[in-house]
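Keep in mind that the numbers below use all heavy atoms, side chains included, and drop hydrogens, waters and symmetry copies. A, B, ... follow the sequence lines: proteins, then strands. Residue 1 opens every chain.
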Number of protein chains: 2
Amino acid sequence: MSEEPRFPAGLPARDRRVGGQVQGAIKQLILDSRLGPGDPLPTEAELMDALGVSRNSVREALKGLQALDIVEIRHGYGTYVGQASLTPLVDGLTFRTLARHEDAHALGEILQIREVLEEGLIRRVATALGEPELDALEDLVERMAEAGRAGRPFPELDRAFHELLYRPLGNTLVAQLLGAFWNVFHRVALAQDWTEDPSPERTVRRHRDIVTALRARDVAAAQRAMADHFRGIEARAVRATRGVG
Amino acid sequence: MSEEPRFPAGLPARDRRVGGQVQGAIKQLILDSRLGPGDPLPTEAELMDALGVSRNSVREALKGLQALDIVEIRHGYGTYVGQASLTPLVDGLTFRTLARHEDAHALGEILQIREVLEEGLIRRVATALGEPELDALEDLVERMAEAGRAGRPFPELDRAFHELLYRPLGNTLVAQLLGAFWNVFHRVALAQDWTEDPSPERTVRRHRDIVTALRARDVAAAQRAMADHFRGIEARAVRATRGVG
DNA sequence: GCCCATTTGTGCGTATGTATT
DNA sequence: CAATACATACGCACAAATGGG
């Protein structure tokens with residue numbers, strides 16, 4: 001077994017895994033250039049010149065970064081720094097949940113994380129919520145009740161409620177994370193049959209209980225209301241999956 | 001074949017382009033064929049034939065799926081179904097944290113999520129932990145103390161402690177999620193200067209307090225110990241970032 | 001409205017690296 | 001070691017989209 005140098009003298013030394021190296025180089029370029037979301041990146045031609053690789057390699061690297069929402073590619077216009085959002089997590093988790101053949105357990109895991117997060121967060125946000133925020137939350141509950149009476153589902157209102165609830169924390173990541181889990185959960189649920197809420201008025205009441213507890217500054221009651229809320233979702237989930245299986 | 005309506009500009013562009021469609025087709029192929037992690041995928045030639053697109057399009061789509069850990073590409077061997085792990089989240093969050101120019105706030109957000117999660121989880125796991133698990137945790141603490149006395153840092157032991165702690169929950173997602181946040185946090189910290197723990201014995205003691213409280217089946221004390229643990233990390237973080245800024 | 005330059009998207013051919021048999 | 005199968009990389013040509021004159 002000879003340890004001869006792998007690269008002939010006449011050829012430029014090319015690292016293995018050029019694709020991965022190019023991705024790293026582009027990420028480093030963004031960091032070094034202090035570029036923020038929305039800022040334009042060099043064109044593919046400039047990148048292949050700057051990095052000394054072919055256009056295909058540049059494009060494949062950009063495709064990988066696009067999947068991570070690190071870059072954003074606009075056809076016929078240019079490449080830009082992405083938002084680095086949590087959409088890759090949503091895509092990955094939805095696929096993962098759909099691919100594992102026992103959806104019930106996978107959905108239960110997601111649900112438990114949401115529950116732990118929201119139960120802990122509501123305690124932290126309870127004192128930070130002012131009257132205007134509480135009014136806005138109550139308004140959302142009213143619109144939920146309205147939609148429920150009209151027989152319309154209200155996933156957007158539910159989502160908005162939870163997002164608004166934790167806004168005072170100023171933690172943008174936790175909002176996006178909860179949104180991501182919410183997306184995965186409802187997307188997987190949509191891929192199966194159980195989109196209809198069997199008892200909307202119950203769901204509305206649980207949300208109203210949360211607001212009431214918060215208005216009374218009763219942290220423990222708010223936590224209990226949130227736990228009840230998730231117990232309701234859980235019951236819905238096991239009933240649906242049992243019905244399917 | 002239905003003609004898709006024009007989407008508003010807000011939608012991510014990759015969902016309506018051919019490249020995105022090829023990604024979706026490959027994902028659907030995996031789901032329809034009931035393939036699991038590690039199973040082989042059709043070769044590039046077969047994919048371009050099956051989907052009616054060129055090799056470049058297939059490769060770019062695969063590169064995107066590889067970034068999401070949905071497929072795994074082995075040079076010269078073949079493409080396989082990936083683990084759908086949370087590595088994309090790690091990559092995305094590390095980049096996001098490094099790209100936002102105020103690392104302190106971004107790290108604080110991650111830390112708060114870890115804290116909320118672990119504080120809620122330890123309550124749920126407290127009753128499920130048996131004597132063997134507690135012994136294993138205590139053993140880890142002993143090895144931490146040993147490493148601390150020898151002046152060696154012990155990030156792996158810290159990581160193992162928290163992973164072992166929540167194993168009885170049987171929630172694989174939460175373990176991976178905590179691991180992902182841990183990775184991001186320490187990777188970003190490594191990209192700056194503050195890798196050294198100023199007071200290892202303090203860190204060891206906080207872990208020991210957690211085990212002690214768990215052994216006494218004192219849930220409230222365990223939660224307090226966990227909160228103290230994170231208070232320590234927080235203090236370390238603000239001190240380091242203040243020193244840098 | 002049309003044309004045109006720029007930029008990304010797609011397809012094809014070819015050579016090379018890598019792992020299995 | 002040779003043959004085979006496959007991914008990796010490069011280069012070129014053309015199509016499609018966008019924005020501006």
Side-chain angles (χ1 to χ4, degrees), chain A residues 1-26 29 35 38-67 69-82, chain B residues 3-26 38-67 69-82:
Chain A
M1 173 177 307
S2 64
E3 281 294 328
E4 293 295 313
R6 291 194 164 80
F7 307 113
L11 286 178
R14 292 220 162 82
D15 294 332
R16 298 175 310 201
R17 303 283 192 276
V18 175
Q21 308 263 354
V22 175
Q23 278 199 20
I26 297 178
L29 173 70
L35 298 180
D39 289 346
L41 254 64
T43 68
E44 294 179 352
E46 290 170 325
L47 281 176
M48 50 185 284
D49 190 59
L51 305 177
V53 294
S54 80
R55 193 160 99 104
N56 278 348
S57 300
V58 170
R59 285 185 55 77
E60 287 174 7
L62 286 176
K63 280 287 182 179
L65 295 177
Q66 184 192 31
D69 199 21
I70 287 180
V71 307
E72 183 188 348
I73 308 178
R74 292 185 220 171
H75 188 173
Y77 195 44
T79 312
Y80 297 81
V81 178
Chain B
E3 192 68 24
E4 286 290 316
R6 276 284 174 275
F7 286 105
L11 258 174
R14 71 168 179 276
D15 284 347
R16 60 175 207 253
R17 307 231 183 276
V18 178
Q21 305 209 0
V22 176
Q23 281 196 19
I26 296 178
D39 289 346
L41 255 64
T43 68
E44 293 181 349
E46 289 171 323
L47 281 176
M48 52 186 283
D49 191 59
L51 305 177
V53 293
S54 79
R55 189 183 301 264
N56 273 344
S57 302
V58 170
R59 284 185 56 76
E60 287 174 6
L62 286 176
K63 280 288 183 177
L65 295 176
Q66 184 190 32
D69 198 21
I70 287 180
V71 308
E72 182 188 349
I73 306 179
R74 290 187 225 168
H75 189 161
Y77 193 42
T79 63
Y80 298 81
V81 179

A:Gln23 CD - D:dA9 P separation (whole Å):
11 Å
Looking at residues at least two apart in the chain, or sitting in another chain, which of them share a side chain to side chain contact (heavy atoms under 4.5 Å, CB included) with B:Asp49?
none
Using side-chain heavy atoms (C-beta onward) and a distance below 4.5 Å, is B:Thr43 in contact with B:Thr79?
no
Separation of B:Glu60 atom CD from D:dC10 atom P, in whole Å?
14 Å
Measure from the side-chain heavy atoms of B:Ile73 and tell me the nearest of C:dT8, D:dG11, D:dT8.
D:dT8
side-chain N/O B:Ser54 vs C:dG11 OP1/OP2, d < 4.0 Å
yes
To the nearest angstrom, how far is A:Leu62 atom CG from D:dA9 atom C1'?
16 Å
Separation between CG (A:Leu65) and NZ (B:Lys63), nearest 0.5 Å, reads 10.5 Å
B:Val53 side-chain proximity, nearest of D:dG11, C:dG9, C:dG11:
C:dG11
Check whether any side-chain N or O of A:Arg59 sits under 4.0 Å from OP1 or OP2 of C:dG9, and answer yes or no.
yes
Side-chain heavy atoms of A:Pro40 within contact of A:Leu35, under 4.5 Å:
no
Within the structure provided, determine whether B:Glu44 and B:Arg59 are in side-chain contact (heavy-atom separation under 4.5 Å).
yes
Report the distance from atom CZ of B:Arg55 to atom C1' of D:dC10, rounded to the nearest whole Å.
13 Å
Hey, does the side-chain of A:Asn56 have a donor or acceptor N/O within less than 3.5 Å of a partner on the base of D:dG11?
yes
Taking donor-acceptor contacts at under 3.5 Å, does the side chain of A:Arg74 reach the base of C:dT6?
no
Whole angstrom is fine here: how far is it from CD in B:Glu72 over to C1' in D:dT8?
17 Å
Quick check: do A:Ile26 and A:Leu41 have side-chain heavy atoms less than 4.5 Å from each other?
yes
List, with names and distances, any nitrogen or oxygen atoms from the protein found under 3.5 Å away from nitrogen or oxygen atoms belonging to nucleotides 1-6 of chain D.
none

Taking C:dT8, D:dT8, D:dA9 as options, the one with an atom nearest any side-chain atom of A:Ser57 is D:dA9
Quick one, A:Ile70 and A:Val81 - any side-chain contact, counting heavy atoms below 4.5 Å?
no
